[in-house]
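Presented below is the structure to which this report refers.
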Amino acid sequence: METVVILPPDYRPSADEEYMNPVMREYFRQKLLDWKKSLLNQSKDTLEDLRQGGLNQPDEIDRASMETDKALELRTRDRARKLISKIDEAIKRIEDGEYGYCEETGEPIGIERLEVRPVATLCIEAQERHERMEKTYDDEA
């Protein structure tokens, strides 16, 4: 049987409490769900805008500008789709009890980092190592 955790209205995770306790996990679960809901609402707005059409502008410059705007919007939506997938993965990690811990080192990722990037899977040190490796690889290419 799953325990229901009630999140206090003004709750903010702090270093003074046990890391990834049930209330903290619920806080991040709600944060992720709210973020996902916002992204899905933005996607609905985009679809509605695309259905509106408007590409039959008589002026070539206006039409080109609208096409560029729509292409940019579609790229933004594609990034949002990928982010929603990461959000779903983070929610699964919460359910599995793995959320908040670096997938490489097993160390806590940290409250501050998760507040800024709730889908983070690496602690700062591991993330920096990955970025250095990518830069080294990019420099060699």
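Just so you know, these numbers use all the heavy atoms, side chains as well, and skip hydrogens, waters and symmetry mates.
Going from atom CG of L72 over to atom CZ of R77 covers 10.0 Å, rounded to the nearest 0.5 Å. Atom CG of L83 is separated from atom OG1 of T76 by 12.0 Å, given to the nearest 0.5 angstrom. Going from atom CD1 of I87 over to atom CG of L40 covers 8.5 Å, rounded to the nearest 0.5 Å. With rounding to the nearest 0.5 angstrom, the CD atom of E131 is 8.5 Å from the CD1 atom of I124. Rounding to the nearest 0.5 Å gives a distance of 11.0 Å between CG of N21 and CD of E26. Atom CD1 of I91 and atom CD of Q30 lie 9.0 Å apart (nearest 0.5 Å).
By the 4.5 Å heavy-atom criterion applied to side chains, R93 and E103 are not counted as neighbours. You'll find the side chain of T136 stays beyond 4.5 Å of the side chain of M133, heavy atoms only. Using a 4.5 Å heavy-atom cutoff, the side chains of R12 and E115 are in contact. Counting only heavy atoms from C-beta outward, the side chains of E125 and E107 never approach each other to under 4.5 Å. Between M20 and L114 there is a side-chain heavy-atom pair separated by less than 4.5 Å. Residues K92 and E98 fail the side-chain proximity criterion, which asks for heavy atoms closer than 4.5 Å.
Screening residues 71-115 for ring-ring contact (aromatic ring centres under 6.0 Å, His included) gives Y19-Y101, F28-Y99 as the qualifying pairs, with residues at least two apart or on separate chains.
The shortest heavy-atom contact between C123 and P108 is CB-O, 4.0 Å. Residues V23 and P8 come closest through the heavy atom pair CG1-CD, 4.0 Å. The heavy-atom pair separating P118 from L32 by the smallest distance is CB-CD2, 3.6 Å.
Crowding of K86 atom NZ: a count of heavy atoms from other residues, nucleotides or ligands under 6.0 Å not exceeding 12.
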Apply side-chain contact (heavy atoms from CB on, under 4.5 Å) to R29 and E95, showing your working.
CA-CA 9 Å; R29 191 177 80 78; E95 293 167 359; 5.7 Å; no

Take M24 and E18 through the side-chain contact (heavy atoms from CB on, under 4.5 Å) test and state the conclusion after the steps.
CA-CA 9 Å; M24 191 180 293; E18 178 190 348; over 6 Å; no

Run L122 and I109 through side-chain contact (heavy atoms from CB on, under 4.5 Å) and show every step you take.
CA-CA 6 Å; L122 299 173; I109 291 174; over 6 Å; no

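A donor-acceptor contact shorter than 3.5 Å is absent between the side chain of S38 and the backbone of D34.
K37 pairs by the salt bridge (Lys or Arg N to Asp or Glu O under 4.0 Å) definition with nothing, not counting sequence neighbours. Shown here are the salt bridge (Lys or Arg N to Asp or Glu O under 4.0 Å) partners of D88, two or more places apart in sequence or in another chain: K36.
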